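Just the heavy atoms: all of them, side chains too, but no hydrogens, waters or symmetry mates, feed the values below. Predicted, not measured: the structure shown is a model, and the values here were computed from it. Here is the naming used below: chain letters follow the sequence lines, and residue numbers restart at 1 for every chain.
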There are 2 protein chains.
Amino acid sequence: MGRGTASRVLNDSPHVSPAARDAVLAAVAELGYVPNRAARSLVTRRTDTVVLVVSEPEERVFGEPYFAGIVRGIGERLAEAGLQLVLTMAGAAGGHERAAAYLTEQHVDGVLLLSLHAEDPLPSLLEARGVPTVCGGSPATSRPAYLVDIDNLAGGRSAVDHLVATGRRRLAVLAGPQDMSSGRDRLVGALDAAEAAGIDRAEVAVAVGDYSEESGRRAMAEVLAAGPPPDGVFAASDLMAVGALRVLREAGLDVPTDVGLVGFDDAAVCRHTDPELTSVRQPVARMGRVMVEVLLGRIAGREVPPDTVLQTRLVVRGSTAR
Amino acid sequence: MGRGTASRVLNDSPHVSPAARDAVLAAVAELGYVPNRAARSLVTRRTDTVVLVVSEPEERVFGEPYFAGIVRGIGERLAEAGLQLVLTMAGAAGGHERAAAYLTEQHVDGVLLLSLHAEDPLPSLLEARGVPTVCGGSPATSRPAYLVDIDNLAGGRSAVDHLVATGRRRLAVLAGPQDMSSGRDRLVGALDAAEAAGIDRAEVAVAVGDYSEESGRRAMAEVLAAGPPPDGVFAASDLMAVGALRVLREAGLDVPTDVGLVGFDDAAVCRHTDPELTSVRQPVARMGRVMVEVLLGRIAGREVPPDTVLQTRLVVRGSTAR
DNA sequence: GTGACGGATGGGAGCGCTCCCACGCTGACG
DNA sequence: CGTCAGCGTGGGAGCGCTCCCATCCGTCAC
């Protein structure tokens, strides 16, 4: 029995007689044979491996529910396709160089990029190297070639629309990082909605954070220190909203009576706060799946849509009750 | 210039003249040459890649601060050694089979196993295949060949010692999963300490959870439903303590006045609760580093200690104040 | 009975790299 | 001046696999 036949069986290609197939499988079982992936990759030029690069430090990645959702979606879809996921956190110093080196050494079929900040060299570097790449979310200043994102503009709008609809007029926005389109768009959407409701953009108090709970606390404190307390607050992430909730309470303001509070993500934490948190749900798991879908298309050389935008949905809970 | 010389330069082996080295490096820079890792692996039989398998679903891994700490330690130490980390979550259905297949296909130099439950076939399978493996924590029933763990027995003891020292006598333990040694030992340690303080083991209320916040709520509710409320509660994880805190408050019991509460992990969340949470600190990042250290030793064929036990330290905060 | 056809099979070639051997050159020593 | 040691270098061999071509055998039509 030649190597050719064995190879055919293991890659279940046609034109193999049942007898030969059985013989090969029996031999494989008996010898505990496991094909050498390096050798296979060397000739097929594929690795059946996809890497996810998150440009944040480990603490952030593991602390924020947003990432868990995305990774789940990615992992599920990749498993269906029979591919392995390599997770890399390139937040720390030197992480980027190491990631770039790894990625270009031709042992991944494609790359998923998450949480891109401004001036990240990775997308263009990878494109230049010919590694198929799909981004989840984009930096504020540039637009990656293949992008899956949620409609942050509409999400921000829906949050403020709701605050206004429940009678709030003195608004504050605790914005996310302004070097990411998600941070910027949520803010812009919120301001658009305020304006549409007849509120001057300049009258909306804005403080910038980085999506973390700690930054939410800081931003909320900043807003309270700067002027009269708002009666409606939109935080760009649930974690920031949780931080804000604490600061508001410490300042003697009741949520939702004195202040309506809206978060973003619709993470599990929303149901654990008191009151429960109204939030803009983003379909994180689906976003992960779609990213993989687009990437698989690119790897296969198929024509794929360069941009995919997923919609958000407002989930109303106690923190904005009237 | 022959391939041999080029190879020598790229692997910076000695016996290369400076002139040849410069020439090679110049050529590399000019051509944008990147060595093919598959080809290298094929001949060296090394991949410079280590995989971390966490036997939990994604949600858990990303939700629990414990994992973030371990991964940080692992990532740091691995980066120092110039190795890549592949993160695999094998919690979902079929995850184990896929992981096992991947791991045995000879593209990882070693495996780190985390959160092993009883009857996990992975450790013995990998040993049989000759893949160097190091476990972080062990299942309740078996003992992996190479193990890095924290002293859960002493940790559980220190928690109850402290409760007793602050005058609590009616104790409850919200235990972790009993198919893991960490869950079992923390409970046993706690009961040992109770007994040492003259409290009958049988009088300590015990409810079992799985380290999650939700399970902490359930376990606390179970204890409250079963008899008179305790005045001292030891939860096997901080997340469980947070859940318990909520249930205690809803039951009209004040922490720390009516009930003293101790968690385990000393996660960031301890400082975010009200009152702040007394907790048993476990050196998670260091545990990650040590796991890598042992694994690197095994990969290099060095003699390494089969067992390493790291000590815990009680951090006292408001939740046990008197 | 013979020729043509098609599916199954065996094996050569080669993927890109490292390993190692052999060779050439230089410098020191007899 | 010849010889030998030793560093640098070039290139053959081979890692384990897939691809593809040539071959073989069984089948069917004429």
Distance test, side-chain N/O of B:T5 to OP1/OP2 of D:dG10, below 4.0 Å: yes

Just by distance, do the side chain of B:S138 and the backbone of B:G136 share a donor-acceptor pair under 3.5 Å? no

Closest-nucleotide ordering on DNA chain D, the 5'-leading residue of B:A19 and A:R40: B:A19

Ranking B:A39 and A:P18 by the position along DNA chain C of their nearest nucleotide, the one closer to 5' is A:P18

Rounded to whole Å, the CZ-C1' distance (A:R37 to D:dG16) equals 15 Å

Rounded to whole Å, how long is the line connecting atom CG of B:L10 with atom P of C:dC19? 12 Å

Spacing between B:N36 atom CG and D:dG16 atom C1', to the nearest angstrom: 14 Å

What's A:A20 touching, base or sugar-phosphate or nothing? Going by heavy atoms closer than 4.0 Å. sugar-phosphate

Does the side chain of A:R77 reach to within under 4.5 Å of the side chain of A:R286, using non-hydrogen atoms? no

Quick check on side chain to side chain contact (heavy atoms under 4.5 Å, CB included): which of B:V108, B:L112, B:V111 does B:L52 satisfy it with? B:L112

Below 3.5 Å, does any donor atom in the side chain of B:R8 face an acceptor in the base of D:dG10, or the other way round? yes

Please check if the number of heavy atoms outside B:R21 that lie under 6.0 Å from its CZ is greater than 12. yes

Proximal nucleotide (of C:dT18, D:dT9, D:dC17) relative to the B:T44 side chain: C:dT18

To the nearest Å, give me how far apart CG (B:D48) and P (C:dC17) are. 15 Å

Between atom CG in B:L42 and atom P in D:dG14, what is the gap in whole Å? 14 Å

How close or far is atom P of D:dT9 from atom CG of B:D22, stated in whole angstroms? 11 Å

Would you say A:R45 places a side-chain N or O within less than 4.0 Å of OP1 or OP2 belonging to C:dG16? yes

Measure from CZ on A:R21 to C1' on C:dT9 and round the result to the nearest Å. 14 Å

Could you tell me whether the side chain of B:L10 reaches within less than 4.5 Å of the side chain of B:Y33, counting heavy atoms only? yes

